[in-house]
Amino acid sequence: MDTNKSNVAENDPQFEAAFQKKIDAEIKIEPRDWMPAGYRKTLIRQMSQHAHSEIVGMLPEGNWLTRAPSLKRKAILMAKIQDEGGHGLYLYSATETLGISRDEMYDQLHTGKAKYSSIFNYPTLNWADMGAIGWLVDGAAITNQIALCRCSYGPYARAMVKICKEESFHQRQGYEIMMNMAQGTKEQREMAQDAINRWWWPSLMMFGPHDADSTRTTQSMTWKIKRTSNDELRQKFVDATVPQAHYLGLDVPDDKLAWNEEKKSYDWGEIDWDEFRNVVAGNGLCNRERLQTRRDAHDGGKWVRDAALAYAEKQKKRTAAKKAA
Ligand code: FAQ
C-alpha cells in the first residue's frame with residue numbers, strides 16, 4: 001500500500017498496518033508521508049523537548065564565558081555554546097516539518113508546559129564544571145543521540161548525524177579540561193573531583209526513568225523512534241565513562257560501583273529518583289532561573305525578529321515587483 005498520502009485519517013487501521021510494515025523494513029518516514037496521530041504527537045513531544053534542552057543547555061555554560069581562565073578557553077567555550085544554539089535550530093526546524101510552529105514550541109517552553117532535560121537545572125559553581133559538562137553531559141547526550149541517528153523519522157535522524165559529530169568535539173574538549181585540572185595543582189584536582197561529585201548522578205538521570213517506569217519506551221521502540229531503552233543506554237554510558245574517570249585519577253561518587261566480570265560491565269548504585277522527579281517537576285535548584293532567563297531573552301529579542309520579518313516582507317514585495325515589471 002502506498003502510504004505516501006496525507007489526506008487519509010490519522011487513525012486509519014489499514015494505513016497504520018502499512019506504516020508499521022514500512023518501519024519494520026527500515027524505510028524512513030518523511031514529513032509528507034502518512035503517519036498515525038500518536039507517532040506525530042510522540043515525535044513532536046520528544047523532538048521539541050530535545051530542541052528546548054539544546055537552547056536551555058546554553059545557559060549554564062554561558063554563565064562562565066566572562067570567567068574562562070584564558071582566551072583559548074573562552075573561544076572554545078563560545079564556539080561550543082554557539083553549536084548548541086545551532087542544534088536547537090536544526091531540531092526546531094525538523095519538528096516544524098510535523099506541523100507545529102516554532103512560536104507554539106517556544107510558548108510551550110516559556111509557559112512551563114514543555115519539558116527540557118533535567119540536567120540543565122543544576123548550577124555551574126566552578127570552572128571544572130565546564131569540563132564535567134563537556135565530558136559527562138555531552139557524553140551522555142551522545143550515547144543517547146547515536147541511537148537516535150537511526151530514528152525512523154528522517155528529519156530527526158539526519159539532524160542527529162550532524163549534531164553527534166559536533167557533540168563528539170564537545171565531549172573531548174570537556175575531557176581535556178578535566179585532564180588539565182586533574183594533572184594540575186592540589187586545588188585544581190579538588191575542583192575536578194568536586195565537579196564529578198556534583199555532575200555524575202544528574203548525568204545518569206538524563207537517560208530518563210527505569211525502563212519499568214518509562215511510559216513511552218515500549219511504543220517508541222515499536223515505532224523505532226527510540227532504538228535502545230533508557231536503562232541500556234545508561235549502562236552503556238557508565239561502562240564507557242568509569243574507566244575515563246579512573247584514567248583521570250578521579251573517584252566516581254558511588255560506593256556500590258564495582259566491575260562485574262561475568263557481565264563484563266559495571267554494577268552500580270541507585271539514582272535518587274525523588275530528586276529526579278522533583279527536578280523534572282520544576283523544583284530543581286535552577287528551574288525558575290533558567291525559564292526566566294529564556295523568557296527574558298525571548299522578549300529582548302523581539303525587535304530582532306520584527307526587523308527580520310519586516311526585511312523579509314520588503315524583499316518579497318521587491319521580488320514580486322521585479323517579476324511583474
Ligand atoms: N529530564 O517514558 P520516558 C544536549 C520525561 S542536551 C526531563 O522515558 P521518553 C545539548 C520524558 O520526557 C540532551 N524530562 O520518555 C547540550 C517523559 O515526559 P512526557 C538533550 C525527562 O521520551 C549538552 C517522561 O519523563 N537530549 O545534548 C527526563 O521515551 C551539553 C517519561 O519518560 C535529549 O533531550 C529528563 N532527564 O524518554 C547542551 C534526548 N527523562 O513527555 C549544553 C531526546 C525523562 O511524557 C551542554 N530525548 N523525562 O511529559 C529522549 O531521548 C527521550 O525523550 C528521553 C526520555 C530518553 C529523555
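Order of appearance sets the numbers: ligands from 1, and atoms from 1 within every ligand. Everything numeric in this text was worked out from a predicted model, so none of it was measured.
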Colleague: Return the set of residues passing salt bridge (charged side-chain N to carboxylate O under 4.0 Å, His left out) with Asp267 (not counting sequence neighbours), or none when no residue passes.
Modeller: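 Applying salt bridge (charged side-chain N to carboxylate O under 4.0 Å, His left out) to Asp267 gives Lys263.
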Colleague: In chain order, what residues pass the side-chain hydrogen bond (donor to acceptor under 3.5 Å, both in side chains) check against Asn144, with sequence neighbours excluded?
Modeller: none
Colleague: Is it true that Arg234 and Asp231 have a side-chain N and a carboxylate O under 4.0 angstrom from each other?
Modeller: yes
Colleague: Using a strict cut-off of under 4.0 Å between a residue heavy atom and any atom of ligand 1, list the qualifying protein residues by chain and number.
Modeller: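 Within the 4.0 Å shell of ligand 1, which is judged on heavy atoms, sit Arg45, Gln46, Gln49, His50, Ser53, Glu54, Gly57, Glu61, Lys80, Glu84, Lys115, Tyr116, Ser117, Ser118, Phe120, Ile133, Val137, Asp138, Ala141, Asn144, Gln145, Tyr156, Glu167, Met205, Met206, Phe207, Gly208, Pro209, Ser214, Thr215, Arg216, Lys226, Asn230, Phe276, Val280.
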Colleague: Is the shortest heavy-atom distance from the side chain of Leu125 to the side chain of Arg198 under 4.5 Å?
Modeller: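 Of all side-chain heavy-atom pairs linking Arg198 with Leu125, at least one is under 4.5 Å.
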Colleague: Quick one: which of Arg227, Arg150, Lys21 gives a salt bridge (Lys or Arg N to Asp or Glu O under 4.0 Å) with Glu26?
Modeller: Arg227
Colleague: Please enumerate all residues that pass side-chain hydrogen bond (donor to acceptor under 3.5 Å, both in side chains) together with Gln108, with sequence neighbours excluded.
Modeller: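 With neighbours one apart ignored, the set is empty.
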